[in-house]
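Reminder, nothing fancy here: chain letters follow the sequence lines and each chain counts from 1. Quantities reported herein were computed from a predicted structural model and do not represent experimental measurements.
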Amino acid sequence: QKEVEQNSGPLSVPEGAIASLNCTYSDRGSQSFFWYRQYSGKSPELIMSIYSNGDKEDGRFTAQLNKASQYVSLLIRDSQPSDSATYLCAVSSNSGYALNFGKGTSLLVTP
Amino acid sequence: SAVISQKPSRDICQRGTSLTIQCQVDSQVTMMFWYRQQPGQSLTLIATANQGSEATYESGFVIDKFPISRPNLTFSTLTVSNMSPEDSSIYLCSDNSGLSSETQYFGPGTRLLVL
């Protein structure tokens, strides 16, 4: 069973702070890692992808990957109330193009 | 990324009936997938829809319950057969139209309630 684990939260941060979201995965063969944002009642929206160890930055978002520790994280700088959503970590399957999703972390950014 | 649409956006159905959900992509894509998201849960892959051949189902999902068609590179359907209240869920299709073949984009989803 391929596992992707996330803290369900809610994670509450004040506006302007850094939100840190974490994810661990069990399949050592996974090569591709994704973060999706899902607003209530909406479908998941891709915000970041990362394939190599280290950091990848895109605007206020930074994804971090450590394959040795089987750990991927998402940092959101200068958090805004509009960032309040559930963040889903997804990991590629070693056997193909399917994605395994974590249960998501609920983020609440308070004004 | 390709633009994905789904029909219907929502439906309320009686137990024992079947519903077919359509997924349309505005450009040709290699892979299309069907997921289920039960209330308060994350996404679970039902199957990969293969163009011109039978779908590849994940453990716990069978063709008799969730028959899938993919007649071309832009269209797929998922049927939820002989529905029960446990099938109440959001059904999402996705494609891999991103820069890498593993990158998936999702349609708006179909919200199904079975009474």
Between [X] and [Y], is there a shared hydrophobic cluster once you connect ILVMFWY residues whose side-chain heavy atoms come closer than 4.5 Å?
X: M48(A); Y: L75(A); value: no
X: I63(B); Y: W34(B); value: yes
X: I50(A); Y: I47(A); value: yes
X: F33(B); Y: F75(B); value: no
X: L112(B); Y: Y35(B); value: no

Inset, instruction - Might you point out which heavy atoms bring S42(B) and K103(A) nearest each other, and give the distance in Å? - result: CB-CA, 3.4 Å
For [X], is it the side chain, the backbone, both, or neither that has a heavy atom closer than 4.5 Å to a heavy atom of chain A?
X: L92(B); value: side chain
X: T48(B); value: neither
X: F106(B); value: both

Legend entry - Engaged part of L99(A) at the chain B interface, taking heavy atoms whose separation is under 4.5 Å: both
Legend entry - D26(B) CG: over 12 foreign heavy atoms closer than 6.0 Å: yes
Inset, instruction - Determine which residues belonging to residues 32-44 of chain A lie within contact range of chain B, meaning some heavy atom pair is under 4.5 Å apart, and list them by number or answer 'none'. - result: S32(A), F34(A), Y36(A), Q38(A), G41(A), K42(A), S43(A), P44(A)
Legend entry - Approximate separation, where rounding is to 0.5 Å, of Y105(B) OH and E45(A) CD: 10.0 Å
Inset, instruction - Starting at CD of Q41(B), measure out to CZ of F101(A) and round the result to the nearest 0.5 Å. - result: 14.5 Å
Inset, instruction - Please name all residues satisfying side-chain hydrogen bond (donor to acceptor under 3.5 Å, both in side chains) with E57(A), sequence neighbours left out, ordered by chain then number. - result: R77(A)
